[in-house]
Participant: 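Quick one: this structure, given as structure tokens, is what I'll be asking you about.
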There are 2 protein chains.
Amino acid sequence: MMKALVNKKTTEQASETEISVNHQKLIDATIETIAKRGLADTTIAHVAKRAKVSQGYANFRFKSKDNLLISSLQYLSDEYKKSWQKIFEEKNIDPIDRIIRIVQNDFSSKIANRNKISVWIAFYSEVKFRPSYLTICQRQDEIYSQQMEKLVSEINNITSQKEFTPKEVSETYHSMVDGLWQRILFDPKIYTNEFCKNLVLKYFKSIYVNEDRFA
Amino acid sequence: MMKALVNKKTTEQASETEISVNHQKLIDATIETIAKRGLADTTIAHVAKRAKVSQGYANFRFKSKDNLLISSLQYLSDEYKKSWQKIFEEKNIDPIDRIIRIVQNDFSSKIANRNKISVWIAFYSEVKFRPSYLTICQRQDEIYSQQMEKLVSEINNITSQKEFTPKEVSETYHSMVDGLWQRILFDPKIYTNEFCKNLVLKYFKSIYVNEDRFA
DNA sequence: ATAAAAATTGAATGATTATTCAATACAAAA
DNA sequence: TTTTGTATTGAATAATCATTCAATTTTTAT
């Protein structure tokens with residue numbers, strides 16, 4: 001009896017740390033399904049089929065569809081966070097180069113592609129009605145903004161630019177990125193990643209007039 | 001027989017031009033329901049109840065739920081368009097004042113409130129999967145962008161600003177608006193309409209350095 | 001006032017879909 | 001091998017919802 005209890009606990013721990021293959025397969029399949037069919041048309045049956053497990057299992061593994069969706073959003077959020085976190089942290093790189101890398105990342109094909117964007121917007125559209133979605137998105141934004149403001153204030157110090165506060169620049173950039181992502185979804189012919197990236201760099205150019213690297 | 005035909009035609013014409021009360025009641029109810037419950041949870045039954053007609057009637061009147069949703073998006077789009085169309089057309093007003101009015105309009109409480117925004121984003125999120133949604137949104141954007149570019153080029157002429165093309169300024173502005181609307185939904189405490197408006201005006205200030213009206 | 005036509009109802013239908021769970025396959029331990 | 005526990009299946013269930021339509025109310029024309 002004692003042994004059984006201990007065993008059970010070990011198993012639980014294992015499944016928490018070493019993320020099971022099926023767990024990840026299902027999350028990937030969920031994101032792919034939302035990208036291909038839209039959130040409204042994403043059923044457990046579709047996801048399970050794509051992940052090549054039974055419908056019953058998908059539900060069993062995540063307790064509920066809701067839970068599967070939340071886990072998928074969390075995964076998407078973590079993936080994005082990882083991509084910018086390390087750029088912000090490279091303290092030995094010039095801050096202007098660092099911000100350029102942030103822009104490059106935000107419009108890299110890995111991040112800003114129509115599939116990923118459509119999934120983000122699908123979740124955004126439900127944020128007002130699902131507190132758990134809101135929490136995940138807000139947490140991400142908060143840290144990003146905070147790091148961005150710090151980076152901008154470093155640049156402001158170097159360039160002795162006084163007209164625009166770090167907060168203003170950070171918020172403007174952030175909203176531009178969100179807006180441009182949306183537009184990539186609408187009209188990818190015009191809004192190529194390159195076009196968007198250059199538009200944002202041009203914005204920085206308007207703030208930091210003497211800095212040629214933004215041109 | 002002849003008379004009957006004529007009568008019928010008159011009735012049809014009437015119901016097309018003088019939009020029936022129920023028609024508009026249902027569209028309003030649809031927008032309200034999406035705002036309150038989200039698109040995923042918007043059923044004909046909820047809409048009908050809010051519009052105070054029977055569920056069967058709602059479906060009969062619009063042929064299908066799909067059709068009702070498209071009509072609602074079209075209405076929203078038209079309403080927004082009307083609000084900016086007349087500002088662009090006021091040719092006797094100084095272009096800088098005109099662009100300031102455009103900004104004021106885009107962040108007026110009538111346009112940029114959480115209810116309206118959540119409905120917009122709900123439709124945006126389905127744009128990739130519903131060609132009819134895409135068409136409505138694209139048509140709107142195209143005309144807006146076109147007018148905006150024209151306005152910016154007028155301002156560029158006056159200010160002899162050469163660094164930033166009308167297209168660039170217009171696209172940047174447009175994406176900022178979309179991004180900020182999204183952020184109003186996430187965190188209305190920080191992103192008040194006033195805050196957003198000032199952020200955008202500050203952007204224009206960075207382009208048109210000598211123009212005090214943007215400050 | 002009456003008949004004919006149109007508008008509106010609401011209950012029934014059928015399709016879709018999340019969730020459950022008994023049955024089966026699989027793996028590990030004895 | 002046999003036993004025991006876990007992972008996985010897939011068919012059944014129950015709920016939700018768009019759509020239909022026969023019946024009823026309201027409006028219009030005579």
Side-chain angles (χ1 to χ4, degrees), chain A residues 1-16 18-27 29-30 33-34 37-72 126 129-130, chain B residues 1-16 18-27 29-30 33-34 36-72 126 129-130 132:
Chain A
M1 176 141 176
M2 190 67 174
K3 203 172 175 191
L5 255 170
V6 170
N7 266 347
K8 203 176 173 206
K9 204 178 174 193
T10 319
T11 314
E12 267 174 22
Q13 280 177 337
S15 71
E16 271 171 37
E18 166 228 299
I19 303 151
S20 106
V21 178
N22 280 341
H23 183 98
Q24 191 57 41
K25 267 205 297 186
L26 278 164
I27 285 178
T30 304
T33 306
I34 297 172
R37 319 181 58 105
L39 186 55
D41 211 29
T42 291
T43 67
I44 295 261
H46 288 136
V47 172
K49 194 177 181 188
R50 191 177 276 269
K52 285 174 181 146
V53 299
S54 73
Q55 180 172 349
Y57 182 71
N59 208 80
F60 165 80
R61 193 64 174 74
F62 280 88
K63 300 279 224 317
S64 69
K65 185 190 178 186
D66 221 57
N67 204 4
L68 172 59
L69 290 175
I70 290 167
S71 301
S72 302
E126 288 288 307
F129 315 101
R130 312 254 175 171
Chain B
M1 177 146 175
M2 189 68 177
K3 201 168 174 194
L5 256 170
V6 171
N7 266 346
K8 202 175 176 210
K9 206 179 173 192
T10 320
T11 314
E12 266 172 22
Q13 280 179 336
S15 72
E16 270 171 37
E18 164 228 299
I19 305 149
S20 105
V21 178
N22 281 340
H23 184 97
Q24 191 55 42
K25 267 205 298 186
L26 278 164
I27 286 178
T30 304
T33 305
I34 297 172
K36 292 286 168 260
R37 319 181 60 105
L39 186 55
D41 211 28
T42 291
T43 67
I44 294 263
H46 288 136
V47 171
K49 194 176 179 189
R50 191 177 276 269
K52 286 174 181 146
V53 298
S54 73
Q55 181 172 348
Y57 182 71
N59 207 81
F60 164 82
R61 193 63 173 78
F62 280 88
K63 300 280 222 320
S64 70
K65 186 190 179 186
D66 221 56
N67 203 6
L68 173 59
L69 291 175
I70 290 167
S71 301
S72 302
E126 289 288 307
F129 315 101
R130 312 252 173 172
S132 43

Participant: Could you tell me how far apart B:Arg61 (CZ) and D:dT20 (C1') are, to the nearest whole angstrom?
Facilitator: 18 Å
Participant: List the atom pairs, with distances to 0.1 Å, where a side-chain N or O of residues 53-60 of chain A and a protein N or O form a donor-acceptor pair under 3.5 Å, not counting sequence neighbours.
Facilitator:
from	atom 1	to	atom 2	distance (Å)
A:Ser54	OG	A:Tyr57	N	3.2
A:Tyr57	OH	A:Asn22	ND2	3.4
A:Tyr57	OH	A:Arg61	NE	3.3

Participant: Take atom CG of B:Asn22 and atom C1' of C:dA6, then tell me their distance rounded to the nearest Å.
Facilitator: 13 Å
Participant: Who are the side chain to side chain donor-acceptor pair (under 3.5 Å) partners of A:Thr43, not counting sequence neighbours?
Facilitator: A:His46
Participant: Apply salt bridge (Lys or Arg N to Asp or Glu O under 4.0 Å) to residues A:Asp66 and A:Arg130 and explain how you reach the verdict.
Facilitator: CA-CA 10 Å; A:Asp66 221 57; A:Arg130 312 254 175 171; 2.5 Å; yes
Participant: At under 4.0 Å between heavy atoms, how does the protein contact nucleotides 17-27 of chain C? Give one character per nucleotide, 5' to 3', with B, S or -.
Facilitator: SBBB-------
Participant: Going by side chain to side chain contact (heavy atoms under 4.5 Å, CB included), name the residues that satisfy it together with B:Ala40, two or more places apart in sequence or in a different chain.
Facilitator: A:Glu126
Participant: Just jot down the side chain to side chain contact (heavy atoms under 4.5 Å, CB included) partners of B:Asn67, sequence neighbours excluded, or say none.
Facilitator: B:Lys63, B:Ser64, B:Ser71
Participant: Among residues two or more places apart or on two chains, list those pairs meeting salt bridge (charged side-chain N to carboxylate O under 4.0 Å, His left out) that have a residue in residues 47-57 of chain A.
Facilitator: A:Glu32-A:Arg50
Participant: Return the value, rounded to whole Å, for the distance between atom NE2 of A:His23 and atom P of D:dA7.
Facilitator: 15 Å
Participant: So which heavy atom on B:Leu26 is nearest to which on B:Val47, and how close?
Facilitator: O-CG1, 3.8 Å
Participant: Return the stems involving DNA chain C, sorted by first number, where pairs are Watson-Crick (N1-N3 with N6-O4 or O6-N4) or G-U wobble (N1-O2 and O6-N3), both under 3.5 Å, and runs are 3 or more long.
Facilitator: C:1-30 with D:1-30
Participant: About how many Å separate NE2 of B:His23 and CG of B:Leu68, when rounded to the nearest 0.5 Å?
Facilitator: 9.0 Å
Participant: Once you round it to whole Å, what is the distance between P of C:dT8 and NZ of B:Lys49?
Facilitator: 20 Å
